[in-house]
Amino acid sequence: MALSWNEIKERAIRFSKEWVDAHNEEADAKPFLVDFFNVFGIIQKKVASFEHRVKKLGEFDGYIDLLWKGNLLIEMKSRGKNLDKAYTQAKDYLHGLAQLELPKYILVSDFQNFRLYDLEDDNIVEFPLSELVNNVQHFGFIAGYQKRHFKEQDPVNIKAAELMGRLHDKLKSVGYEGHPLELYLVRLLFILFADDTTIFDKDIFIDFLEQKTNPDGSDLAARLSELFYILNSPKEKRLKNIDEHLNRFPYINGKLFEENLPPASFDSGMRQTLIECCYLDWGKISPAIFGSMFQSVMNPVERRNLGAHYTSEKNILKLIKPLFLDELWNEFEQVKDNRSKLMEFHVKLSKLKFLDPACGCGNFLIITYRELRLLELEILRTLIKYGQSVMDISQIVMLDVDMMYGIEIEEFPARIAEVAMWLIDHQLNMIVSQEFGQYFARLPLKSSANIINANALQIDWEDVISKDNLSYILGNPPFIGSKMMKQEQRDAIVSLFDKSDGSGTLDFVTGWYLKAAKYIQNSKIKTAFVSTNSIVQGEQTSILWGKLINDYKIKIHFAHRTFKWSNEAKGNAAVYCVIIGFANYDTNSKYIFEYEDIKGEPHLIKANNINPYLVDAKDIFIGKKSNPICDVPKMIAGNVAYDYGYFVFEEKDMIEFIKKEPESELFFKKLIGGKELINNEIRYCLWLKDIEPSKLKSMKTVKELVNKVKNARLLAVDKGTQKLADRPHQFRDLNNPKMFIAIPKTSSENRKYIPISFFNEDFIPSDSIRVVENGSIYHFGVLTSLMHITWVKYTCGRLESRFRYSKDIVYNNFPWPNFFSASGNEKQIQSIEAAAQKVLATRAEFPNSSLADLYDPLTMPPKLVKAHNELDKAVDLAYRPQPFTSDAARMEFLFELYEKYTAGLFVSEKEKKRKK
C-alpha cells in the first residue's frame, strides 16, 4: 500500500540529511536513486532499470541512468555540473524509445539540486536537495498519488476505450461473448485502474503480465482466471504456497470477482493489446467519461463516433447545481462558523440518497457523488480547524457509494456504473489521503452503489428504495422521439398514461416524468430530468403537463430553457434540450435559466411561477383547436398530392413534357412549398382538378401519368389512399385559393423572423406550407412580427431545432391584438398595415435575393431590419403602450391575453351582431 505523506516526508528528511552530509565528489548514482525511490515506498528494481541502453540520433548508443518505462527518465550529473546540458542529453534519449516507453517526467540532478520536468503539463520545478521535504508532492506520481483534472474529451479516455474495444472484438471473434465477455471486460477495467491508483501496489498487474505469462498468450486466460480467484479471496483463506506475486494482490470483495466465468482464450496479439492498456495512465481517466466510452466501443456503429455518447460534466452540473448542490453549499456557508451545527450538517449530508432511474453507465451518479465528497472534504477541513483530532481518517469520512441508487435496463452499463462508482470513490479517497497525510482506501470493498438491472418503466421504484428514504431523483432518460419509438415503447407510454387522448404522440422520456410524479406524491423529494425540448413545445406539452399538474399537483421549481446538449465530440449529433426540476410541493424560490445563445451560457431569472412552457406565467395548457380563438381568417394546410411524384415537375422536365403534349400547358401551375417559398425556387404541377373528361382523354401522355397514379394508389396499404384511385387525376387535397398568405411548415430557428409571403391562384400550395386564405396585409403584418414569432418559439413543435408551424396549436391559439374593447383601433390597424407594406416594399428592392438571403442573420439588409423594427413597434403598440423588454415578457403578456380570450372575456363585433 502507498505510504502516507507524513511517512514520505519523514523519509525525505532522512534521505536529504544522509546525502547532504555525504561530501563525496564522485557520488554514485545507483545508491542515490535507490534511496530516492525508497523515500516514496517504492523498490526501484521492481519498476525501473539502471543504464538503459538506447540508440541516439546519429546511430550512437547511449545509456539512460534510470528509466521507468512510460513514467520517468532520470539523468544524473556530478556535483555542480550544468543541468541544462543534462536535460538536453535526456531529451536526446527520447528518440530511441518506443512509444509506450516515453516518460511523462524527466528528472535531472547533480546530487545537490533537483529539476523535474513535467512533459505533459509543460511545468518545471527546481529546488536544492535540502528542500526535498517541501517538494515531495511533485513526486506523488512515484507513490501513486496523482492529482488530475479531467478534460471532457481527454485523448487518454479515447485511447483507453479504443484499446478495450480491440480486446473486445478479438475475444468475441473467438466465440467468447455475451454476459461472460461483458463481465470479463469490466473486471479488466477495474484491474487496470487499480494498478495505477494505489488500490494495488504500483504496476503489479503489468509485472504479472510481462513476467508471469507466456509471450504467445497461451496461458494468459488461465493466469487471469487465477487472478480473479485471488482478488475474491481474503488473504487468510488463500493457499499457503501460493505464488508470491499473486499473493501481493489485495482482497477486493464487492462481488465483482465472485462469479465463476468460463475460461477465455488469448493469443500474442491480444496479450500485447492488454499490455498496451497497462501502459496508459489510468490515473488520468475519468470514470464519469470513460464508462460511456467503454460502453460505446462494444457497439461497432457507436464506435465510429467514439466520444459522442457520454454526457459532459458541464451539462450534468447544470442539473445538479440548482437541484441540490447550490443549496447544500449555501447551507455549509451558513453553519461553518458553528461547530455543532456543522457536525449536524455533516450527518445530514451522509444520509442523503439519490436515484437515477435511467442511469446508463452512471455519469450523473458519479458526478453527484464526487461533488458531495468534495463538499464533505471542506467540512472536514473546517472541523479540523476547530481542533478535531484525526487519529483515523476513515472514522470521520461519512459519505459512501451506497448512498447512490440507479436503474438501468441493460446489464453491461449497469455493471460499468457499479465499478465506476468504486473508481471515483477511490480517487476521492486519494484526495483525502493527500489532505490529511493518511493513506485511506476502502479495501476490501464493503459498500457498493445500488444499481438495479431492470426496466424503470415496469418496476415499482419503491422496490429499489423507499420514497421515505430518498432525497432526490435525477438523470437524463432516453432521448427517443415519438416517431422513432419501437411499438413496445409506445405501448408502454400509452399504458402509463392510461390510454388518455394524445398519449400515443408522447416522447419516450415522458414515461419517467409520470413515474416520478406518481412516486414522489406526499413527499419532499425533488426531481430533475434532462429532456428534449419537445415536452415543453407543441402538442405534447398540454398532454404531459396537464396530467402532471392536474392529477399529481406537480410544481416546477427551476428550468433551463432550450440549449444545445452536447460534449463537442467529433461526430456528435446536436440535441436541443431543457432541464426541468420539479416536486410535489410549491416553493417561493423558482428560477429560469435563459439562453440568449443556445450554445452559450445562461442567465438567471427569478420567477413567480414556471408554467409548462417554461414561462413565468400561470399554468396554462395549449391544446389543439380546430378554429382560431380570435376573429381572423382560418388557416388550412397545403395540398397533399399522393401522386407518387408523377404530377410534380422541375421546370426543364415540364418544358419537355409540353413538347410531347402541347395541350397540357394550360393545366400546369406553379407549386409553392416551404423550400420554394424560402429559396425562391420554382416547381410545377399538373393541376387537373376541373378538367373536362374529354380533354383528359385527348391527352395521351397525361392520361398515362393518371393511370400510373391510379395503380400506385390501388397498391397502397392505407384504405383512404386506395379510395383516392377513384379520382386519380386529382391531388388528395384541392385547395387553390385566389389569394393567400403562405407560412413554411418548417423553418430555421436561426432567423429572427419566419419568411412568409403572399401568393395568388396561379400557385398551388403544397403540404409543406400553411395557408391563410384571403389573409390581409394586416394579418401579414402581425404574423411576420416579433410578437407572433415569439409565440411560435414557445408553442410550436420542433424538427430537431427548427420550428414546425402547426395551425391547430400555434395559429388557432394565437392571441391577436384585442380590437373589440378599445378606442383608436382603426388607427393601430392602419399603422400595422403601413409598416407591413414597407416590409414588402423593402423586400422588392432586392429582386435577385431569396427570402433565405433576405432573412439570413448575416446578410439581412439594414433597410429590411429597420422596416421590421418599425413593424414590431406598431404590433407591440396594438397590444399595449408599454414596450416589451424580452421574449419572456412577451410570452407572459400573451399567456394572460390567451387566458382572457379562452375565458370568453372578449367578444368580437361579429359575435355581438350574431347575438343581436
Peer 1: Any sub-3.5 Å donor-acceptor pair from E408's side-chain atoms to G360's backbone N or O?
Peer 2: yes
Peer 1: With heavy-atom distances below 4.5 Å as the criterion, would you say the side chains of W512 and I473 are in contact?
Peer 2: no
Peer 1: Quick one, F332 with L342, criterion side-chain contact (heavy atoms from CB on, under 4.5 Å). Give me CA distance, side-chain angles, the key distance, then yes/no.
Peer 2: CA-CA 7 Å; F332 167 75; L342 183 59; 3.8 Å; yes
Peer 1: Please determine whether the number of non-hydrogen atoms from other residues, nucleotides or ligands lying under 6.0 Å from atom NZ of K606 exceeds 12.
Peer 2: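 It does: K606 NZ has more than 12 such atoms within range.
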Peer 1: Please lay out, stage by stage, how E418 and K255 fare under the test salt bridge (Lys or Arg N to Asp or Glu O under 4.0 Å).
Peer 2: CA-CA 11 Å; E418 196 172 60; K255 298 187 177 181; over 6 Å; no
Peer 1: Any salt bridge between E344 and K341, counting N to O under 4.0 Å?
Peer 2: no
Peer 1: Using a strict 4.0 Å threshold on nitrogen-to-oxygen distance, state whether R373 and D425 make a salt bridge.
Peer 2: yes
Peer 1: Starting at CD1 of I206, measure out to CG of L274 and round the result to the nearest 0.5 Å.
Peer 2: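 Reported to 0.5 Å precision, the distance equals 7.5 Å.
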Peer 1: With D195, which residues qualify under salt bridge (Lys or Arg N to Asp or Glu O under 4.0 Å), at least two apart?
Peer 2: none
Peer 1: Do N453 side-chain atoms and I409 backbone N/O form a donor-acceptor pair below 3.5 Å?
Peer 2: yes
Peer 1: Check whether any side-chain heavy atom of K467 sits under 4.5 Å from a side-chain heavy atom of I520, and report yes or no.
Peer 2: no
Peer 1: Tell me, with the steps shown, if Y591 and F558 meet ring pair (Phe, Tyr, Trp, His ring centres under 6.0 Å).
Peer 2: CA-CA 5 Å; Y591 297 96; F558 72 89; 9.0 Å; no
Peer 1: Taking 4.0 angstrom as the limit, do R370 and E313 come out as a salt bridge?
Peer 2: yes
Peer 1: Would you indicate whether D122, at its atom CG, is surrounded by more than 12 heavy atoms from other residues, nucleotides or ligands within a distance under 6.0 Å?
Peer 2: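 No, CG of D122 has 12 or fewer neighbouring heavy atoms, counting only those of other groups under 6.0 Å.
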Peer 1: Please confirm whether the backbone N or O of E462 pairs with a side-chain atom of D460, one donor and one acceptor, at under 3.5 Å?
Peer 2: yes
Peer 1: Hey, does T368 have a side-chain heavy atom less than 4.5 Å from the side chain of Y472?
Peer 2: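 Heavy-atom side-chain distance check fails, nothing below 4.5 Å.
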Peer 1: I need the single residue from K348, K321, K526 that forms a salt bridge (Lys or Arg N to Asp or Glu O under 4.0 Å) with E327. Which is it?
Peer 2: K526
Peer 1: The test is side-chain contact (heavy atoms from CB on, under 4.5 Å); show your working for Y405 and L365 and say whether it passes.
Peer 2: CA-CA 8 Å; Y405 293 76; L365 297 176; over 6 Å; no
Peer 1: Take K590 and I556 through the test side-chain contact (heavy atoms from CB on, under 4.5 Å) and record every step on the way to the result.
Peer 2: CA-CA 8 Å; K590 297 188 180 80; I556 298 176; over 6 Å; no
Peer 1: Could you tell me whether a side-chain N or O of E376 sits under 3.5 Å from a main-chain N or O of L399, the two making a donor and an acceptor?
Peer 2: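 Judged by distance alone, yes, a pair lies under 3.5 Å.
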Peer 1: Side-chain contact test, heavy atoms from C-beta onward, threshold under 4.5 Å: evaluate it for I592 versus L614 and give yes or no.
Peer 2: no
Peer 1: Do the side chain of H557 and the main chain of Y585 share a donor and acceptor less than 3.5 angstrom apart?
Peer 2: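 A pair under 3.5 Å: yes.
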Peer 1: Let's go through F200 and F205 carefully: what are the C-alpha distance in whole Å and the side-chain angles of both, what is the deciding distance for ring pair (Phe, Tyr, Trp, His ring centres under 6.0 Å) to 0.1 Å, and is it a yes or a no?
Peer 2: CA-CA 8 Å; F200 296 167; F205 181 60; 7.5 Å; no
Peer 1: Hey, does L349 have a side-chain heavy atom less than 4.5 Å from the side chain of M398?
Peer 2: no
Peer 1: Indicate yes or no for a side-chain donor-acceptor contact from S471 to the backbone of F354 under 3.5 Å, with no hydrogens or angles considered.
Peer 2: no
Peer 1: Can F563 and N315 be said to form a side-chain contact (heavy atoms from CB on, under 4.5 Å), step by step?
Peer 2: CA-CA 10 Å; F563 65 97; N315 284 332; 3.8 Å; yes
Peer 1: Is the H426 ring parallel, tilted or perpendicular to the F193 ring (thresholds 30°, 60°)?
Peer 2: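 Plane angle over 60°, so perpendicular.
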Peer 1: When you measure from the side chain of H560 to the backbone of K318, do you find a donor-acceptor pair of N or O atoms at a distance under 3.5 Å?
Peer 2: yes
Peer 1: Supply the atom-to-atom distance L188 CG to L167 CG, rounded to the nearest 0.5 angstrom.
Peer 2: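 If we round to the nearest 0.5 Å, L188:CG and L167:CG are 6.5 Å apart.
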Peer 1: Distance-only, no hydrogens or angles: does the W282 side chain make a donor-acceptor pair with backbone N or O of C277 under 3.5 Å?
Peer 2: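 Checked: pair present.
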Peer 1: Would you say E435 and L380 make side-chain contact, with heavy atoms under 4.5 Å?
Peer 2: no
Peer 1: Taking the side chain as every heavy atom from C-beta outward, state whether L470 and W461 have any atom pair closer than 4.5 Å.
Peer 2: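 A side-chain contact is absent here, since even the closest heavy-atom pair is not under 4.5 Å.
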Peer 1: Which residues pass the ring-ring contact (aromatic ring centres under 6.0 Å, His included) test with Y184, not counting sequence neighbours?
Peer 2: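 Applying ring-ring contact (aromatic ring centres under 6.0 Å, His included) to Y184 gives Y176, F228.
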Peer 1: Can you tell whether the side chains of K314 and E601 come within less than 4.0 Å, N to carboxylate O?
Peer 2: yes
Peer 1: Do R442 and V397 touch side chain to side chain, with heavy atoms closer than 4.5 Å?
Peer 2: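 The answer is yes, as the side chains (C-beta and beyond) meet within the 4.5 Å cut-off.
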Peer 1: Atom CD1 in I230, atom CD1 in I252: separation rounded to 0.5 Å?
Peer 2: 12.0 Å
Peer 1: Taking Y513 as the fixed residue, which of F508, F582, Y519 is the one that meets the ring-ring contact (aromatic ring centres under 6.0 Å, His included) rule?
Peer 2: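 Result for ring-ring contact (aromatic ring centres under 6.0 Å, His included) with Y513: F582.
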Peer 1: Check the orientation of W422 and F190. Use parallel for under 30°, tilted for 30 to 60°, and perpendicular for over 60°.
Peer 2: perpendicular
Peer 1: May I ask you to decide if Y595's main-chain N or O and R561's side chain share a donor-acceptor pair within less than 3.5 Å?
Peer 2: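 No, R561 side chain to Y595 backbone: no donor-acceptor pair under 3.5 Å.
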Peer 1: Short question: side chain of D402, backbone of N450 - any donor-acceptor pair under 3.5 Å?
Peer 2: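 Pair absent, no side-chain N/O of D402 close to backbone of N450.
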